[in-house]
**Q** 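I'd like to ask you about the structure that follows.
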Amino acid sequence: VPARLAITGIVPNPFNPSTKIGFDLPATGHVELAVFDLRGRLVRELISGPEEAGHHSVVWNGRDEDGRGVASGVYFARLKDHAGQRTTKMVLAK
C-alpha cells in the first residue's frame, strides 16, 4: 500500500491523443480525479467514487464531458481524497 496520495505519472506528456494518469491511494475511500483547463474550469471528471488503496491508472482521451476533443494546451489533473489533494500539469500537443 502506498504511503501517501500521489499522482505518479502522466505518460506520455506531452500527449496526443491520449495519456495515462498513474496515481497512488494510501487508503480505501472516495476519490476524485478530474481534468481542468488553465482557467480552472472542469474539462472532464475521470473518477468520482470509492477506490481501493493501492496503485491505479486511468486513461484520458483528450475529450471533455460531452465527448468533444479539446484544444491543444496545458491542462491539470487534480486527485482528491478525504485527506488532501495533488495536482500536476499535462500538455496536449496536436
Side-chain angles (χ1 to χ4, degrees):
V1 174
R4 62 186 175 101
L5 181 72
I7 297 175
T8 58
I10 308 291
V11 179
N13 190 20
F15 67 95
N16 180 14
S18 64
T19 190
K20 185 164 90 172
I21 303 167
F23 59 98
D24 288 346
L25 302 175
T28 298
H30 184 83
V31 174
E32 296 175 7
L33 177 61
V35 176
F36 294 86
D37 66 14
L38 276 174
R39 294 183 180 169
R41 294 178 297 203
L42 177 66
V43 173
R44 179 91 183 260
E45 189 172 64
L46 301 173
I47 297 173
S48 181
E51 292 285 335
E52 297 290 322
H55 307 288
H56 301 270
S57 66
V58 66
V59 173
W60 179 44
N61 62 2
R63 298 192 173 276
D64 66 13
E65 290 287 351
D66 296 322
R68 297 180 301 241
V70 299
S72 295
V74 176
Y75 294 88
F76 296 94
R78 184 181 73 191
L79 176 66
K80 289 174 64 173
D81 73 357
H82 71 282
Q85 69 180 24
R86 300 290 182 265
T87 304
T88 194
K89 179 173 70 170
M90 52 191 167
V91 178
L92 173 58
K94 291 186 179 182

**Q** Please say yes or no: joined through hydrophobic side-chain contacts below 4.5 Å, possibly via intermediate residues, are Ile47 and Ile10 part of one cluster?
**A**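 Yes, because Ile47 and Ile10 connect within a single hydrophobic cluster, where side-chain heavy atoms sit under 4.5 Å apart.
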
**Q** Output yes when a side-chain donor or acceptor of Asn61 lies under 3.5 Å from a complementary backbone atom of Gly67, and no otherwise.
**A**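 Checked: no pair found.
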
**Q** Would you say Leu38 and Met90 are hydrophobically clustered, going by side-chain heavy atoms of ILVMFWY under 4.5 Å?
**A**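 They do not share one cluster, since no chain of ILVMFWY contacts under 4.5 Å joins Leu38 to Met90.
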
**Q** Is the shortest side-chain heavy-atom distance between Pro12 and Thr19 below 4.5 Å?
**A**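 They are in side-chain contact.
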
**Q** Output yes when Arg68 and Asp66 qualify as a salt bridge under the 4.0 Å nitrogen-oxygen rule, no when they do not.
**A**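 Result for this pair is yes, salt bridge flagged.
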
**Q** For Thr87 and Arg78, indicate whether the former's side chain and the latter's backbone hold a donor-acceptor pair under 3.5 Å.
**A**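 Between the backbone of Arg78 and the side chain of Thr87 there is no qualifying donor-acceptor contact (under 3.5 Å).
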
**Q** Within the distance-only criterion (no hydrogens, no angle test), does the side chain of Ser72 pair as donor or acceptor with the backbone N or O of Ala93 below 3.5 angstrom?
**A**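 No, because the side chain of Ser72 does not come within donor-acceptor range (under 3.5 Å) of the backbone of Ala93.
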
**Q** Determine whether Val31 and Ile7 fall in the same hydrophobic cluster, where Ile, Leu, Val, Met, Phe, Trp and Tyr are linked whenever their side-chain heavy atoms lie under 4.5 Å apart.
**A**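 Yes, because Val31 and Ile7 connect within a single hydrophobic cluster, where side-chain heavy atoms sit under 4.5 Å apart.
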
**Q** Can you spot which of Leu33, Thr8, Leu79, Thr88 makes a side-chain contact (heavy atoms from CB on, under 4.5 Å) with Ile21?
**A**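 The single option meeting the side-chain contact (heavy atoms from CB on, under 4.5 Å) with Ile21 is Leu33.
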
**Q** Of all the heavy-atom pairs spanning Phe36 and Ala34, show the shortest one and how long it is.
**A**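 Nearest heavy atoms, Phe36 then Ala34: CE1-CB, 3.6 Å.
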
**Q** Say whether, by atom type as modelled, one donor and one acceptor occur between the side chain of Glu65 and the main chain of Glu45 under 3.5 angstrom.
**A**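 Yes, because the side chain of Glu65 sits within donor-acceptor range (under 3.5 Å) of the backbone of Glu45.
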
**Q** Which atoms form the tightest heavy-atom contact between Leu25 and Glu51, and what is the distance?
**A**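 For Leu25 versus Glu51, the nearest heavy atoms are CD1-CB, 3.5 Å.
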
**Q** Give a yes or no on whether Val58 and Leu5 share a hydrophobic cluster (residues Ile, Leu, Val, Met, Phe, Trp, Tyr; joining criterion: side-chain heavy atoms under 4.5 Å apart).
**A**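 Yes, one cluster joins them.
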
**Q** Are the side chain of Asn13 and the backbone N or O of Val91 linked by a donor-acceptor pair below 3.5 Å?
**A**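 Yes, because the side chain of Asn13 sits within donor-acceptor range (under 3.5 Å) of the backbone of Val91.
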
**Q** Looking at CZ of Arg4 and CZ of Arg86, how far apart are the two atoms once the value is rounded to the nearest 0.5 Å?
**A**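 These two atoms lie 6.5 Å from each other.
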
**Q** Quick one, His30 with His82, criterion side chain to side chain contact (heavy atoms under 4.5 Å, CB included). Give me CA distance, side-chain angles, the key distance, then yes/no.
**A** CA-CA 7 Å; His30 184 83; His82 71 282; over 6 Å; no

**Q** Test your reading of the model: is there a side-chain donor-acceptor pair from Lys94 to the backbone of Val70, 3.5 Å cut-off?
**A**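 Looks like yes, one N/O pair under 3.5 Å.
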
**Q** I'd like to check Pro26 versus Asp81 (side-chain heavy atoms, cut-off strictly below 4.5 Å). Are they in contact?
**A**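 With C-beta onward as the side chain, the pair touches.
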
**Q** Under the side-chain contact (heavy atoms from CB on, under 4.5 Å) test against Asp37, which residue among Asp64, Val43, Val74 passes?
**A**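 Exactly one pass, corresponding to Val43.
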
**Q** Taking Phe76 as the starting point, is it possible to reach Trp60 by hopping between hydrophobic residues whose side chains are less than 4.5 Å apart?
**A**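 No; tracing contacts between hydrophobic side chains, which count when under 4.5 Å, never links both residues.
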
**Q** Determine yes or no for a side-chain-to-main-chain donor-acceptor pair under 3.5 angstrom, with Ser57 supplying the side chain and Lys20 the backbone.
**A**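 No, because the side chain of Ser57 does not come within donor-acceptor range (under 3.5 Å) of the backbone of Lys20.
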
